[in-house]
Amino acid sequence: MTFETRSPSGRSTSIQVSRRRARGAIAVLAGGALVAVVLYARGVWADGGAGSVLRYEVVAAPGATELNVEMEVPPGLDAAFAADPEATGFFDGVAVRDAGRWTPLAAGRDGWQAGQCRRSGCRIRYVFRLRAAASAIGDPDTAAERGATLVGPASTWLLRPAHLPKGGLVGLLHVTTTAPVKFVTGLPRVANTPDTYSVALLPFFISPYSAFGAFDVDKRQLRGADVNLAIAVPDLAGDRPAIDAWVSAAARAIEAYFGRFPGAGALILVVPQRRGVHGKAMGGGGATVLLQIAPGSNLNDPAHDWMATHEMVHLAIPDLARRHLWLSEGLATYVEPLARAMTGELRPEIVWRDLVRGLPKGLPAPGDRGLDRTHTWGRTYWGGALFAFLADLEIRKASNGERSLATGLRAVLRAGGDARAFWSIEQFTRAVDRAAGKPIASGLYRRMAERPTPVDLPALWRDLGISVSGDDIRFDDGAPLAAIRRRMVGPARGD
């Protein structure tokens with residue numbers, strides 16, 4: 001499945017998402033991040049609790065071509081063990097420790113069967129052929145080779161009980177590599193335990209991006225979060241200064257708009273590709289942005305200068321049910337240029353010109369239904385941006401300019417609604433409405449989600465005092481909403 005992201009001026013890039021993951025990712029995240037956070041808060045990660053966690057010891061072969069994995073399975077779990085369906089063929093030598101020796105397990109329709117594990121717990125080992133999987137699959141959501149880097153979320157190469165307890169299961173992952181190969185991941189680290197990470201195991205298991213390779217890793221403390229910037233070397237060594245400037249500018253824009261960097265930690269993973277620049281974000285109990293860059297790319301090119309900021313906006317928004325993808329992508333499309341304008345990276349004239357050109361693409365076409373039911377590119381990205389624009393405008397009008405959509409999104413973030421968590425649409429709109437002081441987001445959602453809702457954009461531009469002719473934009477400071485227009489786009493202000 002392919003999604004295309006665009007900036008307000010219409011600049012675009014394609015995003016590939018496997019069909020299985022498009023269906024399953026939201027179901028996974030529905031509990032995973034919350035389970036992980038709750039269990040961490042209760043101290044389960046520290047001592048595991050008797051029989052409460054599934055432990056993985058992973059030793060990467062030289063070059064990480066293969067991963068040697070040994071699992072310690074607590075008693076009482078399902079006797080069948082499953083894997084990512086796209087990667088099942090790359091598991092070799094699956095065996096269980098039984099009566100002091102390793103006994104091979106055969107894969108069946110329901111996975112690998114090990115009945116003794118249910119009764120008393122067990123140890124299982126196997127080899128995952130990571131390079132072969134990356135070469136054959138070629139999708140970083142599952143496994144892909146990018147230069148000398150092997151990208152593959154832990155959910156690709158970890159076996160797990162086929163039927164998990166209600167609410168999921170805690171996993172602890174320890175990874176050992178041989179220099180110069182490093183392991184980088186968006187999974188949260190376990191405190192005071194080197195190279196160990198917490199994993200939220202759920203029926204439709206998905207996890208943040210991880211990768212094996214040689215990396216230049218820069219650990220930086222941003223407002224609210226510790227962020228690792230991992231750049232694949234030697235492929236992108238010469239691009240390091242440009243990448244650092246690009247990612248740093250995006251992080252400053254996110255901090256300006258949201259008041260802090262989202263979450264407690266994140267991985268910004270930068271890997272090479274043959275041509276162009278692409279960006280993706282993934283939660284799943286952690287927070288990651290994957291930036292794929294052709295060596296020598298001009299990251300200031302308007303075709304993709306916006307992309308790092310767009311993807312980082314996703315880290316500040318909770319995962320929502322699949323039918324609400326328009327809201328996630330629409331918020332990123334709308335917030336990205338506003339955030340960059342707050343740091344002075346974009347001039348207000350450019351932001352308004354691009355919004356005037358872009359927002360009509362989100363209006364309902366003949367035969368369209370509401371945003372929850374029409375999943376075209378225009379309705380997903382620009383329909384969602386139109387919702388965000390209207391919410392921003394209405395919140396400002398209702399509060400005489402004292403509050404904004406940013407006020408609501410900051411409240412969502414304070415309540416834990418970032419990429420690590422799954423929220424219902426009701427949770428999201430209630431949090432925005434409480435911060436706004438009026439039920440604006442929920443009212444807009446009811447109007448726009450189920451049925452096509454026309455919007456008189458030309459009238460709004462007149463009220464805001466905006467007129468565009470070609471590349472020329474003019475502002476009328478005598479227009480009824482001119483004061484609000486001036487506050488909507490521009491340098492950062494207190495919120």
Side-chain angles (χ1 to χ4, degrees), residues 3-9 11-15 140 146 149 151 184 186 208-209 211 215-220 222-232 235-236 239-258 260-263 265-273 275-283 286-317 328-329 331-346 350-351 354 381 385 418-419 492:
F3 293 103
E4 190 177 26
T5 61
R6 295 197 181 186
S7 69
S9 63
R11 303 184 294 268
S12 67
T13 184
S14 298
I15 285 182
R146 295 292 185 261
T149 302
V151 182
V184 294
Y209 290 114
F215 298 100
D216 185 351
V217 180
D218 179 20
K219 299 180 179 181
R220 53 185 68 185
L222 301 180
R223 212 181 315 161
D226 294 328
V227 176
N228 286 334
L229 171 61
I231 301 175
D235 304 89
L236 294 171
D239 297 274
R240 173 59 193 261
I243 292 170
D244 187 81
W246 185 46
V247 169
S248 296
R252 286 194 298 271
I254 295 301
E255 288 180 316
Y257 189 87
F258 290 97
R260 51 165 291 189
F261 198 87
L267 170 68
I268 311 300
L269 175 61
V270 190
V271 299
Q273 64 177 10
R275 61 179 66 87
V277 180
H278 293 80
K280 307 179 76 172
M282 187 179 287
T288 44
V289 168
L290 174 65
L291 300 170
Q292 303 176 81
I293 299 172
S297 295
N298 177 10
L299 300 178
N300 293 318
D301 187 326
H304 38 246
D305 61 356
W306 53 275
M307 198 174 303
T309 308
H310 178 102
E311 298 305 334
M312 289 186 195
V313 172
H314 283 300
L315 301 185
I317 300 168
S328 299
E329 291 297 348
L331 286 168
T333 300
Y334 179 70
V335 167
E336 168 258 312
L338 270 63
R340 293 170 66 203
M342 292 175 77
T343 61
E345 187 180 350
L346 290 180
I350 300 299
V351 178
D354 290 349
Y381 288 88
D418 57 44

**Asked** Can you name the residues that form a side-chain hydrogen bond (donor to acceptor under 3.5 Å, both in side chains) with D216, not counting sequence neighbours?
**Response** R240
Can you name the residues that form a side chain to side chain contact (heavy atoms under 4.5 Å, CB included) with [X], not counting sequence neighbours?
{"X": "A308", "answer": "W246, A250, L291"}
{"X": "L222", "answer": "R220, V227, A251, E255, F261"}
{"X": "N298", "answer": "N300, D301"}
{"X": "A230", "answer": "V184, F215, V217, L267, L269"}

Smallest separation among heavy atoms of [X] and [Y], with atom names:
{"X": "A249", "Y": "E345", "result": "CB-OE1, 4.1 Å"}
{"X": "M307", "Y": "G279", "result": "SD-N, 3.1 Å"}
{"X": "G296", "Y": "D239", "result": "N-OD1, 2.8 Å"}
{"X": "P208", "Y": "A287", "result": "CG-N, 4.3 Å"}

Under 3.5 Å: donor-acceptor pair, side chain of [X], backbone of [Y]:
{"X": "D226", "Y": "G265", "value": "no"}
{"X": "T333", "Y": "E329", "value": "yes"}
{"X": "T343", "Y": "A253", "value": "no"}
{"X": "T149", "Y": "A232", "value": "no"}

Can you tell if the side chain of [X] reaches within under 4.5 Å of the side chain of [Y], non-hydrogen atoms only?
{"X": "H314", "Y": "K280", "answer": "no"}
{"X": "L299", "Y": "I293", "answer": "yes"}
{"X": "F258", "Y": "V313", "answer": "yes"}
{"X": "V289", "Y": "L315", "answer": "yes"}

**Request:** Indicate whether the side chain of H278 and that of E311 have a donor and an acceptor atom separated by less than 3.5 Å.
**Result:** no
**Message:** Would I317 and D418 count as a side chain to side chain contact (heavy atoms under 4.5 Å, CB included) here? Give the steps.
**Reply:** CA-CA 5 Å; I317 300 168; D418 57 44; over 6 Å; no
How long is the straight-line distance from [atom2] of [Y] back to [atom1] of [X], given to the nearest 0.5 Å?
{"X": "S297", "Y": "Q273", "atom1": "OG", "atom2": "CD", "result": "7.5 Å"}
{"X": "D235", "Y": "R146", "atom1": "CG", "atom2": "CZ", "result": "12.0 Å"}
{"X": "R252", "Y": "M312", "atom1": "CZ", "atom2": "CE", "result": "10.5 Å"}
{"X": "I243", "Y": "L229", "atom1": "CD1", "atom2": "CG", "result": "7.5 Å"}
{"X": "M282", "Y": "Y209", "atom1": "CE", "atom2": "OH", "result": "3.5 Å"}

**Request:** Identify, with sequence neighbours excluded, every residue that meets salt bridge (Lys or Arg N to Asp or Glu O under 4.0 Å) alongside R223.
**Result:** none
**Message:** Does L338 form a side chain to side chain contact (heavy atoms under 4.5 Å, CB included) with V335? I'd like the steps, not just the answer.
**Reply:** CA-CA 5 Å; L338 270 63; V335 167; 5.6 Å; no
**Request:** Could you walk me through whether D305 and R340 pass the salt bridge (charged side-chain N to carboxylate O under 4.0 Å, His left out) test, one step at a time?
**Result:** CA-CA 10 Å; D305 61 356; R340 293 170 66 203; 3.2 Å; yes
